[in-house]
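Single-structure report; data block below.
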Amino acid sequence: MASVVYENLPPVLDSKSEQPPPPLFDGTTRLYMAYTCPFAQRVWLTRNYKGLQDEIKLVAFDLQDKPAWYKEKVYPSNKVPSLEHNGKIIGESLDLINYVDSNFEGPSLLPDDPEKRKFAEELFSYSDTFIKDVSTSFKGDTAKEAGPAFDFLEKALDKFDDGPFFLGRFSLVDIAYIPFVDGYQMILSEGFKYDATIGRPKLAAWIEELNKMDVYKQTKYFKDPKQLFEYYRIRFLQ
């Protein structure tokens with residue numbers, strides 16, 4: 001991991017912000033994101049772990065109230081994250097973490113071991129299912145519906161014994177999951193009195209290990225479970 005860099009984060013822009021849009025394709029690499037978005041957090045964490053704070057500039061938005069110029073001039077889908085690099089705009093968070101790892105300097109976040117790379121692809125493929133199963137459980141029988149998704153991760157964390165992470169050492173797989181797992185654990189414990197780590201010691205150790213990492217904690221916008229649950233409740237559960 002590159003040395004931890006503490007940066008002054010740019011202000012959050014919304015539809016009323018007077019700040020003009022950045023000059024597109026001027027040679028600056030920009031990550032368009034929102035501090036509250038776990039998909040954007042994936043790319044933000046990858047950037048920081050690789051020590052790319054100077055190479056990739058952040059442009060932060062209010063997730064619910066982005067400036068009109070973003071959709072009109074940058075990314076017609078109006079989603080975050082997106083990356084402006086080499087004269088093009090790239091989207092989709094899983095594609096982006098692989099793109100940043102492959103196209104920028106810094107420590108590699110995927111191992112050379114073919115077996116581990118194959119398992120990484122399996123876990124990337126499962127991530128959308130995990131997110132869907134857990135998020136939809138909030139409106140049903142939470143423990144019954146979310147439990148199997150966390151069981152899958154517990155089993156996955158038991159595959160390699162050379163470290164506490166999915167592939168042994170910290171990798172893009174951990175980056176793909178931790179914004180969601182950590183956030184869901186906070187929401188479930190605060191709002192549903194369900195602790196996903198009970199009976200899942202590998203998962204508990206994994207979350208604990210990641211929360212020791214300054215580079216992860218820098219990208220963790222919601223540190224108070226009550227604050228996160230209230231944000232999620234207002235946005236998704238009403």
Side-chain angles (χ1 to χ4, degrees), residues 1-15 17-63 65-112 114 116-118 120-121 123-125 127-128 131 167 169-180 215-216 218-219 221:
M1 180 180 67
S3 300
V4 175
V5 174
Y6 295 94
E7 61 180 327
N8 292 319
L9 296 177
V12 174
L13 305 179
D14 60 25
S15 63
S17 297
E18 296 182 358
Q19 181 174 320
L24 272 177
F25 308 129
D26 63 347
T28 303
T29 301
R30 298 181 178 90
L31 173 61
Y32 298 94
M33 50 88 77
Y35 299 131
T36 58
C37 174
F39 293 97
Q41 188 183 359
R42 286 170 162 174
V43 194
W44 185 15
L45 176 53
T46 304
R47 162 196 183 261
N48 288 11
Y49 186 89
K50 292 178 74 71
L52 299 170
Q53 287 88 338
D54 290 334
E55 287 82 358
I56 302 177
K57 300 302 181 183
L58 300 180
V59 181
F61 297 136
D62 180 325
L63 192 58
D65 186 27
K66 303 181 191 76
W69 57 258
Y70 179 62
K71 181 177 182 179
E72 294 168 358
K73 298 181 178 181
V74 181
Y75 198 40
S77 76
N78 207 31
K79 295 179 180 179
V80 292
S82 70
L83 186 75
E84 175 187 343
H85 183 237
N86 282 349
K88 59 185 177 182
I89 302 293
I90 309 157
E92 299 300 329
S93 61
L94 288 180
D95 293 340
L96 281 174
I97 62 175
N98 279 280
Y99 182 88
V100 170
D101 191 39
S102 301
N103 289 274
F104 292 85
E105 294 185 356
S108 174
L109 280 160
L110 281 177
D112 294 328
K116 289 187 175 184
R117 279 188 172 258
K118 180 182 178 183
E121 291 303 322
L123 291 174
F124 289 143
S125 296
S127 64
D128 284 346
I131 294 166
L167 305 183
R169 69 176 181 85
F170 184 71
S171 74
L172 290 181
V173 178
D174 304 291
I175 289 173
Y177 279 92
I178 189 57
F180 296 93
V215 71
Y216 169 62
Q218 281 180 344
T219 69
Y221 182 83

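These figures come from a predicted structure and were not determined experimentally.
More than 12 non-hydrogen atoms from other residues, nucleotides or ligands lie less than 6.0 angstrom from CZ of Phe124. By the neighbour-count criterion of 12 heavy atoms within 6.0 Å, atom CD of Glu92 is sparsely surrounded, having that number or fewer from other residues, nucleotides or ligands. By the neighbour-count criterion of 12 heavy atoms within 6.0 Å, atom CD of Glu7 is densely surrounded, having more than that number from other residues, nucleotides or ligands. Residue Asp112 qualifies as open at atom CG: its count of foreign heavy atoms under 6.0 Å is 12 or below.
Residues Tyr216 and Ile175 form no side-chain contact, since every pair of their non-hydrogen atoms from C-beta on lies 4.5 Å or further apart. Between Ile56 and Phe104 the shortest side-chain heavy-atom distance falls below 4.5 Å. Side-chain contact between Leu96 and Pro81 is present, with heavy atoms from C-beta onward closer than 4.5 Å. Contact of the Thr36 side chain with the Gln41 side chain is not registered, since no non-hydrogen atoms from C-beta on lie closer than 4.5 Å.
In this structure, CG on Leu63 lies 10.5 Å from CZ on Phe39, to the nearest 0.5 angstrom. Rounding to the nearest 0.5 Å places CZ of Arg42 at 11.5 Å from CD1 of Ile178. Taken from CZ in Arg30 to CD1 in Ile89, the straight-line distance is 9.0 Å, to the nearest 0.5 Å. Rounding to the nearest 0.5 Å places CG of Asp54 at 12.0 Å from OG1 of Thr29. To the nearest 0.5 Å, the span separating CZ on Arg47 from CG on Leu52 amounts to 8.0 Å. Annotation: the span from Leu172 atom CG to Leu45 atom CG amounts to 9.5 Å, rounded to 0.5 Å.
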Problem - Phe25 vs Asn86, side-chain contact (heavy atoms from CB on, under 4.5 Å): CA-CA, chis, key distance, verdict - result: CA-CA 7 Å; Phe25 308 129; Asn86 282 349; over 6 Å; no
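The nearest pair of heavy atoms linking Glu84 to Pro23 is OE2-O, 4.2 Å. When all heavy atoms of Gln19 and Pro11 are compared, the pair lying nearest together is OE1-CG, 4.3 Å. Residue Ala176 comes nearest to Leu94 through the heavy atom pair CB-CD2, 3.7 Å, listed as atom of the first residue, atom of the second, then distance.
Between Phe170 and Tyr49, the ring centre distance stays below 6.0 Å. The six-membered or imidazole ring of Phe61 lies away from that of Tyr35, with a centre-to-centre distance of 6.0 Å or more.
Ring orientation note: the planes of His85 and Tyr99 are nearly perpendicular, at an angle over 60° on the 30°/60° scale.
Salt bridge Asp101/Lys50: present, at least one basic N to carboxylate O contact under 4.0 Å.
Judged as a side-chain hydrogen bond (donor to acceptor under 3.5 Å, both in side chains), not a single pair has a partner in residues 72-81 (not counting sequence neighbours).
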